Each structure stands twice: as structure tokens, then as C-alpha cells.
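Since we're looking at a predicted model, the values are computed, not measured. Proteins get letters first, then strands, A, B, ... in listed order; numbering begins at 1 in each.
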Amino acid sequence: MRKKSILIDGNSLLYRMFYGIREMTTAKGVPTNAIYGFVGVLVKIEQEYRPDYFGVAFDLKAPTFRHKKYADYKAGRDKMPEDLGSQFVLLKELLRKMEVPILELSGYEADDIIGTLAKEGERQEADTFIITGDKDSFQLVDDRISILYTTTRSGNQFTTVDADYIMERYGVTPLELIDVKALMGDPSDNIPGVAGIGEKTAIKLIKAYHTIDGLYDHIDDLKGKQKEKLLNGRDSAYESRFLGEICVMAPVEKHIEDLAFDGMFTDSAKEMLAELEFKSILKKVDGSDAVLTDHQGDMLPFTRVEDQRSLMGLLGQINQFSRVFIYALEEGDALWMALRAGSQYYFLPDAAMVEAFIGGLADIPVADDVEIIGQDLKQLTHIFNRFGGCIPNYTFDTMIGGYLLNPSDSRYHLSALAAKYLDEALPDDEEFFGKGKTKKAAEDMEVGVLAPYTIRLCDALYRLWKLLPEKIEEDGMTCLMDTIELPLLAIMASMEELGFTIDVGALEALSHSFEKRLLELTQEIYDLAGETFNINSTKQLGVVLFDNLKLPVIKKTKTGYSTSVEVLEELKLFHPIIEKILEYRSLSKLDGTYGKGLIKLIDPETHRVYSTFNQTVAATGRLSSSDPNLQNIPVKTELGREIRRVFIPSAPDRILVDADYSQIELRVLAHLSGDENLIDAFKKEQDIHTRTASEIFGVPMDGVTREQRGHAKAINFGLIYGKQAFSLGKELGISRKEAQDYIDTYFARYPKVAAYMENVVTEAKEKGYVTTLWGRRRYLPEIHSRNRMLVQSGERMALNTPIQGTAADIIKKAMITVSARLAQEGLKAKLILQVHDELIVDALESEQEQVLSILIQEMERAAVLSVPLTVDAHCGHSWYEVK
DNA sequence: AAGACGCT
DNA sequence: AGCGTCTT
């Protein structure tokens, strides 16, 4: 029989586990998350793979032969976090107790040791599996060597990478990957590659020429920029190839037969596992394999609901237990659901069955009491609304739960939540259905495949529900969830369904006028430049302005000349072309995003745009809007503002009512800091920027100049954003010193604001997070970084988040009460949009007075602060008129 | 992916 | 400070 060999890249795997598994410590506080994940893999090896040879390779700290040749190799890497370093020490101790060979070699990396031993094994006809989280080792793959690749997300589940996989994924052979990397480089290892060549181009070139030698032999086949880039980067490509190629002839002391494996869970190893408090692992190791199959969702029994009888069974179960867990999925036209009720699982295979279920749910006696727990309840609400079901009694949304627990995470789908909170690897929709071109249509998939997948996720939903509400309670956010986020989601669903009506004819006319002017400008710019070029390309524009027209370079970006508005404003005096470019820029933005860009998104039937509102994106608690983003429709310049004329009420007898908070963030700051002087300004309803100017420049309110008010305004904004003297000075065109004087004077006049700001930062450093007035929490790990820039950025977030977030909480509360009042009073008026401090209602003309007063009342009442909240409201026949 | 720019 | 979109 062929021998089987398993080699682990210890550094790579422990790193992956460290970042992939949530924090874990022993009772004494020793961090163990990474080693826990690592041991999970060891158990799998012991119980499932049973290799003949086994070893774990590590990097050593000493410089390698790569560093010796190129000093920059792996330069700029962050130091290893302390909590990870300590786990390396523990892991090696554990491996020694397990009598697992530890492979290290001065001057070489783990990859080189593994490559060498894998090739040695091959000569002895052994099959090698390399466990790593590093794609670099893909180059080692051949008939007898494959990679078990682990990603942060999928924990101890591996993707088997063999030659076919690589061909399918990259379109080249494993060996050719070395040359691909030589061209594209690898920023994480500081391997330069060829500047301007990315993954796509590198693969294309290597597919055609196989090696960089082959490529440079035929360099004359190529032309233009690409050829130029390649010629310039020739030395760099060869250097990169040297750095990226794994050495398979390292002078490793141990040989494959020294790695003979015969179990690793020795008594002393088990003792150490007990010390590390890995109880579940000890149980697995001690023989009972029941634990191994626990929670394997694909073994969960479920009922396929496909007829009246089985539907009645499900509804009966819900009637009896009054609680149902729902995971609904929609892909294209397909719609299906997995449910859990009374500890039974059910699968609804298609839209018709879902519709029957929702209808049936409304009819059962306890319908209003049925607690609904789901993942992304806003989406579920759309489904309920589509089939005209009852108003659901939502009690928990796992997606929002995940967001509240850590609003800085990027993904909250069930598999991400399961990985983080249940330490379990489940496939996610992207993995399951594929993406882009290879995406599989759900309609074409076998129910036999779809059902267990969905049921498994529904089971994860259920188990997350057992965990997350408790954590949210511990963090003091239950009230936030129950009284703000859950009631809000149905309102957001309604806003999405209603959409905003567009005067299509007017928008088309506007877009045409933009385009006509753009054509004229293009010609004028070409004439002034004496050449034609792509004005949209910052790169080409840079060449024209700074190389050809020899204008002075004000600022550079990391890729070339900066051509930002600030730079162009300074260049205005040097050349008439600048003004034209500025006008071109603003018009092309206007047309691209709000002219022809918006036209693309209008529903031709209803003449409306239907934005998506996201409740789990902004780390401060704000909402966001997309496709189209209705929260950034122009207002500052008159020309841009014209766009607002095309946003109109949904019918001729209707009207828009717009209400916005005045200075809500500064009022929140006044409240949070308790500063008497700032509170006084708002109690007297003074113009806040004029008052600030009067304070810091020591002049009476009626003696404040326009310039002084402008500077005060910038200071007030800077305050909210936690700006420092440096950037304030830059913005106002004054020196750092002068800006610091402004800030010092401000703090002298508003001493409690100063004290508050200091406090917030101190608290953020102590606790690791900041909170809003309603307890919404945001973690700021960067505040403890060794990188000064990151610390400063963390401090700014610490200062801004409580203010921005409290304002977000307030308007969310207002949305809920406004919406309730509109319904209670039997009005046809509907909330259609929120823009951070502004609400827009589409109402019958006859309702306008009532709606105006509801908006003002409810928004002003949404929070009781130590300063009044004031609201300005207007009615009109377009968004232009009301704001 | 980066730069630029629209909003609060 | 926080977002989303367009362009190259």
C-alpha cells in the first residue's frame, strides 16, 4: 500500500486559527484560541486521516537565504501579536508531549522544509498532504503532492488543492504559479513583482508564455504600455521569482522515515489539554466519537412540506409551540425556506409552498403571538408583504444580533456568524452557489441538495439564537434590539417597497444638458492642452498638466500626481485649462451618478427608484442606502441641486414633507459633555457657529465676521470628527500652531467639552470600546496598536462614534414613532426616506398640516436631552422645493 | 485597488 | 467621522 504523509505549515496554520477563531482563554486568562483550532486539526488527523508520516514545520526567527540576498524581503510586516506568540510556545510544548516531530531549519522557512520532505517522500512513493493557509505552497502540487488549504473562514475544514483545482482556478500548472507570482508580486511578503501587472494580466501572460524566460524571449510580441511595464520591471520579475520559489533541496536534518506516526494523544499530551481546559477535545480523544457527529446538520431529519397535509402538520406545530425559526432564501425567481418549530425541521421547496404557509400562518388562532426568529428579517418582511400575510411578531434577528455585538465586522450571514460564535464551518451561499459566471441557478438545483443545505443553516440559526440574545443582554443592548432595531426593520422594508418617484422626462432632459455641456468642455480642454486624452483618467490628466504643461506639482499620491479638487483650486491661476477641468469633473460626476446613472435604476413601469437600506453596515449605527444611494443626492452647488427637482411625490394629489434636525450632532455633544456654555447656546436657540466664533475670537455675537463664522464652523465640525490641529490647520489654510490656538481657546471656553473628550478616549483605552447614549457599542482595537497612525485614527473614532451613533439612535427612534403616528391617525402618508438627520414623507396634499406637525413633534420628542432638539420642516412638490 | 467626489 | 458610486 502507498504510504501517506501529512506535513503541517505550523506558522501558517496557527496564524489562520488565531484570526479565525474568536477569543478564548483559560480561567486564568491564558489565550488559547489559536491552539484550540490547531488541536482541532490534530484530532482530525488522528481520527480521520491516520497518516504514516507526520510532522509540523516552523519558521525560525533567523534571516533566511532570501533575506540575505534581498534585504527588503518580508519587510514592513507587523510584529506578531503577543497573544499569538505565547501560543506558539504552548503549541511547541504540546507537540513535544505528543512526540510529533518539530521541523525547523535555520536559514529556511517552513515552506522550504515541507517542499523538501514532500519531494523526498515522492521518491519513496508516498503521497503527501500539506496542511497550510498559505497559497504560496500551491506551487508544490503534483500527482503525489496536494494541499489541504484552510481559510480563516472555514476553520478546520479544508479545500483539497490538486493540479486540476489549480488549472481550473488559475488556468496554469502549479509550477507556472511561481512565474505568475514573479509578475504580480505579493505585497504581504514585500515581493515587488512588475509594477502595474496584476493577477489577471500575470496569468494571461504565463498562460501564453509559460515562464518569465519565455515571456521575455517574446517580449516583442507585446506592445504599448504593457511592454514598457514589463521591460522596466524585468530585474524585479527575476528577483521576485527567486523570492517566491520554494526551495525543495533544503539541508533538512530529519528524513521522511524519521516522521513515522503512531498516534499523538499520549498521557502527558492529554494532561496538557486538560490544563488548557479543552474539555470537548478531551472527550473526542477519549474514544466516544458521538461528539464528532454532533451538529452535523446534513444528518438532521426534516419534513418536506409539499402538500396540504404536511403544511397542516407544520402549522399545528407552530400553533402548539408559538415560536418559529425561519431561514428564507431567494435566488433569482426561486424562493424557498427552512423552518424549525417545536424542535422539528421543515423544508418549503418553492414560492407556492411559501405563499401557502404565510397564508396559513395568518389563519392560526395564535398568529399574533407566534414569535418569529430569523436571519435578515427585513428580507423576510418583503416576502410576507408580497403574499399579504400578517404583521409578524419578530423577537430576534441573528444578522442584526451579530451587528450589535460587533458593528465593525464585515459579514453577518449565517455561516460567518456560525464560524464566529459557534466555532463551526458551514458553507455560505457564495461557496454553495458559486459566484459570477459560474453561479448556479437555484432553480436548476436538486431539491435533494438544496434542502439539507438550508436546513443546516436553519439549525445554525436556532443555535445562534440560544447564544446571541444572552451576549446582547450582557453587553446591555437588549433594549436597543427590542425597541429600536427590530421595530425599525419593517419600516425600512416599507421604504424599500414604496421607492421614490422620479420625473423621468425632466431627468432625461437634465442628463442631456449635462452631456451637451460635457462635449463642449471636452473640446475646449483638448484645445487648451494641445492634445486629446482621457480626462477621466487621473493618470493621463497628471501627464498633461504636470509633464506637458509643466504646472507646479502641489501633491503626490502613492501612484503619481494628485489631481484632487484642492490641488486644482491652487492651480487655477496658472492656466485656464484648470477651470474647465473642474467644471468637467463636477459635470461628469453629476451625469454619471445622478443623470444617466440614476436613469438606469428607474423602474420603467412605476417611474420610481427602489433603494436598498442597510441596517448592518455603518459601524456607528447609521443606516446606509444603495442602488441608488439616496443619501448623497447633490445639494451644495446650484447645478447639482437641480437634480432634486426630479424627485417628486408618488401622485399628482400628493406632496413631499421634509423634516430635518438642526445641528443634532452638536446638540448631542452638548448633552453628553454637560458643558454649560454649549448648552446655553442651544437653549437660547442661537446660531451655533456665530456663538462659537464670538467665544473664541472674543467679539460680541453681532460683531462676528463671515470669515470668523466660517472658521468657527470648521472647528465645530472638527470637534465632532475628533480632528487634530494639523488637519484643522490644513483645512483652514492656517498654521498648525494657529489651529492649536483656536482649539485651546475653544476648550478654555467650553471646559466640559474638553473634559468629556479626554474621558471618552481614556475610557476607550480602558474598555476597548465606546458606547452611545442607548448603549450601542463599537470596539476600537486599533487604539492599542503600536502604529501611531492607527492609534490616532482609533482616537478619532472614539470621539466621533458616541456622537454620530447617538444621533443615529435618535432618528431611528423618531422613524418608529413617526411611522406609528401616521398609521394610528389613519393617514395615507408614508415615510419614504431617511438621510441621517432628515426624514421624507410622501403624503396626500390634504394631509400636509397634520404630517408636518407629527414629524416635528415626534422628531423633537425622540430624545429628552439637556438641550432642546429642534426640527425644520417644509412641504413641496419636489425634493428641491422642500429642502 | 485606488483615486476622486457626492452626501450627513 | 461615516458611507456608496463611478472611472480607469
Enquirer: Where the side chain of Ser626(A) is defined as all heavy atoms beyond and including C-beta, which of dT5(C), dC3(C), dT8(B) is the nearest nucleotide?
Expert: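 Of dT5(C), dC3(C), dT8(B), dT5(C) is nearest to the side chain of Ser626(A).
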Enquirer: In this structure, how many angstroms lie between the C1' atom of dG4(C) and the CG atom of Leu623(A), rounded?
Expert: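 Rounding to the nearest Å, CG of Leu623(A) and C1' of dG4(C) are 14 Å apart.
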Enquirer: To the side chain of Thr538(A), which of dT8(B), dC3(C), dG3(B) is closest?
Expert: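 Selected nucleotide: dG3(B).
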Enquirer: Compare side-chain N and O positions of Thr563(A) against OP1 and OP2 of dA4(B) and report whether any pair is under 4.0 Å apart.
Expert: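 True: Thr563(A) side-chain N/O within range (under 4.0 Å) of dA4(B) OP1/OP2.
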Enquirer: Should Arg796(A) be listed as having a side-chain N or O under 4.0 Å from OP1 or OP2 of dA1(C)?
Expert: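 Result: yes.
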Enquirer: Please determine if a side-chain N or O atom of Thr559(A) lies less than 4.0 Å away from the OP1 or OP2 oxygen of dG3(B).
Expert: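 The answer is yes; a side-chain N or O of Thr559(A) sits under 4.0 Å from OP1 or OP2.
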Enquirer: Starting the side chain at C-beta, find the nucleotide from dA1(C), dG4(C), dT7(C) nearest to Arg622(A).
Expert: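 In terms of side-chain proximity for Arg622(A), the closest of dA1(C), dG4(C), dT7(C) is dA1(C).
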Enquirer: Quick one: Phe613(A) CZ to dG4(C) P, roughly how many Å, whole number?
Expert: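 Those two atoms, CZ and P, are 12 Å apart.
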Enquirer: May I have the distance from Lys596(A) (atom NZ) to dT7(C) (atom C1'), rounded to whole angstrom?
Expert: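 After rounding, the gap between these two atoms is 10 Å.
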Enquirer: Going by atom types alone, do Ser511(A) and Glu515(A) pair a side-chain donor with an acceptor below 3.5 Å?
Expert: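 Ser511(A) vs Glu515(A): donor-acceptor pair found between side chains.
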Enquirer: Reckon Arg585(A) has a side-chain N or O less than 4.0 Å from the OP1 or OP2 of dC5(B)?
Expert: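 Yes, such a contact exists.
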Enquirer: Please give, in whole Å, the distance from dG2(C) P to Leu799(A) CG?
Expert: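 These atoms are roughly 11 Å apart.
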Enquirer: State whether Lys636(A) places a side-chain N or O below 4.0 Å from either non-bridging phosphate oxygen (OP1 or OP2) of dG6(B).
Expert: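 Answer is no, no contact under 4.0 Å.
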Enquirer: Rounded to the nearest angstrom, tell me the gap between atom CZ in Phe726(A) and atom P in dA1(C).
Expert: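 Result: 13 Å.
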Enquirer: Choose from dT8(B), dG2(C), dT8(C) the nucleotide whose nearest atom is closest to any side-chain atom of Arg778(A).
Expert: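 For the Arg778(A) side chain, the nearest candidate turns out to be dG2(C).
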Enquirer: Among dG2(C), dA4(B), dT8(B), which nucleotide has an atom closest to any side-chain atom of Ala618(A)?
Expert: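 The answer is dG2(C), which lies nearest to the side chain.
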Enquirer: Rounding to an integer number of Å, can you tell me how far Leu587(A) CG sits from dC6(C) P?
Expert: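 Taking CG of Leu587(A) and P of dC6(C), I get 17 Å after rounding.
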Enquirer: With no hydrogens and no angle check, just 3.5 Å: does a side-chain donor-acceptor pair link Gln631(A) and Gln834(A)?
Expert: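 Side-chain D/A pair, Gln631(A) to Gln834(A): present.
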Enquirer: If you compare every side-chain N and O of Thr620(A) against the phosphate oxygens of dG2(C) (OP1, OP2), does one of them come in below 4.0 Å?
Expert: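 Looking at the OP1 and OP2 atoms of dG2(C), neither is under 4.0 Å from any side-chain N or O of Thr620(A).
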Enquirer: Is Thr557(A) close enough to dG3(B) that one of its side-chain N or O atoms is under 4.0 Å from OP1 or OP2 there?
Expert: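 For dG3(B), OP1 or OP2 has a side-chain N or O of Thr557(A) closer than 4.0 Å.
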Enquirer: Between Arg517(A) and Glu524(A), does any NZ, NE, NH1 or NH2 come within less than 4.0 Å of an OD or OE carboxylate oxygen?
Expert: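 Looking at Glu524(A) and Arg517(A), the cut-off is met.
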Enquirer: Give Ile633(A) one of three labels, base, sugar-phosphate or nothing, depending on what nucleic acid heavy atoms sit under 4.0 Å from its own.
Expert: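 Sugar-phosphate: the residue Ile633(A), judged by heavy atoms under 4.0 Å, touches backbone atoms but no base.
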Enquirer: Are Glu497(A) and His382(A) linked by a side-chain donor-acceptor pair shorter than 3.5 Å?
Expert: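 Distance-only check passes for Glu497(A) and His382(A).
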Enquirer: Can you tell me how far C1' of dG3(B) sits from NZ of Lys555(A), to the nearest Å?
Expert: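 After rounding, the gap between these two atoms is 10 Å.
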Enquirer: Applying a 4.0 Å non-hydrogen cut-off, can you work out what Ser562(A) is touching in the nucleic acid: base, sugar-phosphate, or nothing?
Expert: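 Touches sugar-phosphate only.
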Enquirer: Going by distance alone, is a donor N or O of one side chain under 3.5 Å from an acceptor N or O of the other, for Asp687(A) and Thr690(A)?
Expert: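 Present: a donor and an acceptor within the cut-off.
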Enquirer: Using a heavy-atom cut-off of under 4.0 Å over every strand shown, decide if Gly592(A) touches base, sugar-phosphate, or nothing.
Expert: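 Here Gly592(A) touches the backbone only, sparing every base.
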Enquirer: Where the side chain of Ser564(A) is defined as all heavy atoms beyond and including C-beta, which of dG2(C), dT5(C), dC5(B) is the nearest nucleotide?
Expert: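 My answer, after comparing the listed nucleotides, is dC5(B).
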Enquirer: Considering only dT8(B), dG4(C), dT7(C), which nucleotide approaches the side chain of Val617(A) most closely?
Expert: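 Given the options dT8(B), dG4(C), dT7(C), the side chain of Val617(A) is closest to dG4(C).
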Enquirer: Between Arg778(A) and Thr772(A), is there a side-chain donor-acceptor contact under 3.5 Å, judged purely by atom types and distance?
Expert: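 Per modelled atom types, Thr772(A) and Arg778(A) side chains form no pair under 3.5 Å.
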Enquirer: Which part of the nucleic acid, if any, lies within contact of Ala619(A), taking any heavy atom under 4.0 Å across all strands shown: a base, the sugar-phosphate backbone alone, or nothing?
Expert: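 Sugar-phosphate contact only - Ala619(A) comes under 4.0 Å of backbone atoms but never of a base.
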Enquirer: At under 4.0 Å, does any side-chain N or O of Asn632(A) touch on OP1 or OP2 of dT8(B)?
Expert: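 Indeed not, no polar side-chain atom of Asn632(A) lies that close.
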Enquirer: Taking for each residue the nucleotide of DNA chain C with the nearest heavy atom, is it Tyr594(A) or Asn800(A) whose nucleotide lies nearer the 5' end?
Expert: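 It is Asn800(A), whose closest nucleotide lies nearer the 5' terminus.
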Enquirer: Could you state the atom-to-atom distance from CG of Leu833(A) to C1' of dT8(B) in whole Å?
Expert: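 Atom CG in Leu833(A) sits about 12 Å away from atom C1' in dT8(B).
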Enquirer: Assign Arg641(A) to base, sugar-phosphate, or nothing according to its heavy-atom contacts below 4.0 angstrom with the strands shown.
Expert: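 No contact.
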Enquirer: For side-chain contact (heavy atoms from CB on, under 4.5 Å), just list the numbers for Leu623(A) and Met815(A), CA-CA rounded to whole Å, side-chain angles, deciding distance to a tenth of an Å, and then say yes or no.
Expert: CA-CA 12 Å; Leu623(A) 302 183; Met815(A) 291 169 75; 4.3 Å; yes
Enquirer: Look at all strands and tell whether Ser625(A) reaches a base, only sugar-phosphate, or nothing, counting heavy atoms closer than 4.0 Å.
Expert: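 Sugar-phosphate, backbone atoms only, no base.
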